[in-house]
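What follows is one structure encoded as structure tokens, with my remarks underneath.
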Amino acid sequence: MPTIVVDVMPKAELLDPQGKAVAGALSRTGRTGFSSVRIGKRFELTVDGPVDDELRASVQQIAEEILSNSVIEDVVNIDFGDEAAEPTED
């Protein structure tokens, strides 16, 4: 059963309080060399059948309408597992 991975990140122009907190923790604990941290979400969708064009279109729609909040987030990648990671169109 194939697994489709969807990556969602906050829009670049928005603040990321969680990322800022992690960046501060890195600095406080002596881990240097990191200028910023952004925290996103990863979704894994297990498919019962083959991954075809219809399913790909459905996953794209699900990612944009259900898995992400288009006001504050971007779907940055959908990996269908049968090829190299496939960046999504903005």
Mark yes or no for whether S68, through its side chain, and A63, through its backbone, hold a donor-acceptor pair below 3.5 Å. yes
Contacts satisfying salt bridge (charged side-chain N to carboxylate O under 4.0 Å, His left out) that involve residues 12-24 (not counting sequence neighbours) are none
R42 and E44 ion-paired at < 4.0 Å: yes
Is there a side chain to side chain contact (heavy atoms under 4.5 Å, CB included) between V6 and V75? Walk through the geometry before answering. CA-CA 7 Å; V6 178; V75 176; 4.1 Å; yes
Rounding to 0.5 Å, atoms NZ (K11) and OG (S70) come to a distance of 6.5 Å
Student check: side-chain heavy atoms of V8 and F43 closer than 4.5 Å: yes
Single-linkage hydrophobic cluster V47~I66, side-chain heavy atoms < 4.5 angstrom: yes
Are I78 and D7 close enough, and set up right, to give a side chain to side chain contact (heavy atoms under 4.5 Å, CB included), and what steps lead you there? CA-CA 6 Å; I78 300 176; D7 296 313; over 6 Å; no
Once you round to the nearest 0.5 Å, how far does CG of N69 lie from CD of E64? 13.0 Å
Nearest heavy atoms of P10 and G40, plus distance in Å: CD-CA, 4.2 Å
Would you indicate whether I72, at its atom CD1, is surrounded by more than 12 heavy atoms from other residues, nucleotides or ligands within a distance under 6.0 Å? yes
Mind running side chain to side chain contact (heavy atoms under 4.5 Å, CB included) on K41 and E73 for me, showing each step along the way? CA-CA 10 Å; K41 300 184 284 189; E73 297 172 317; 3.1 Å; yes
Does a side-chain heavy-atom distance below 4.5 Å link I4 with L55? yes
Please identify which of these residues, L45, V51, D48, meets the side-chain contact (heavy atoms from CB on, under 4.5 Å) condition with P2. V51
Nonpolar side-chain network containing I39, other nodes, edges under 4.5 Å: V22, L26, F34, V37
May I have all residue pairs that pass side chain to side chain donor-acceptor pair (under 3.5 Å) and include part of residues 27-39, sequence neighbours excluded? T29-R31
Return yes if some donor-acceptor pair links the side-chain N/O of D74 with the main-chain N/O of V76 below 3.5 Å, else return no. no
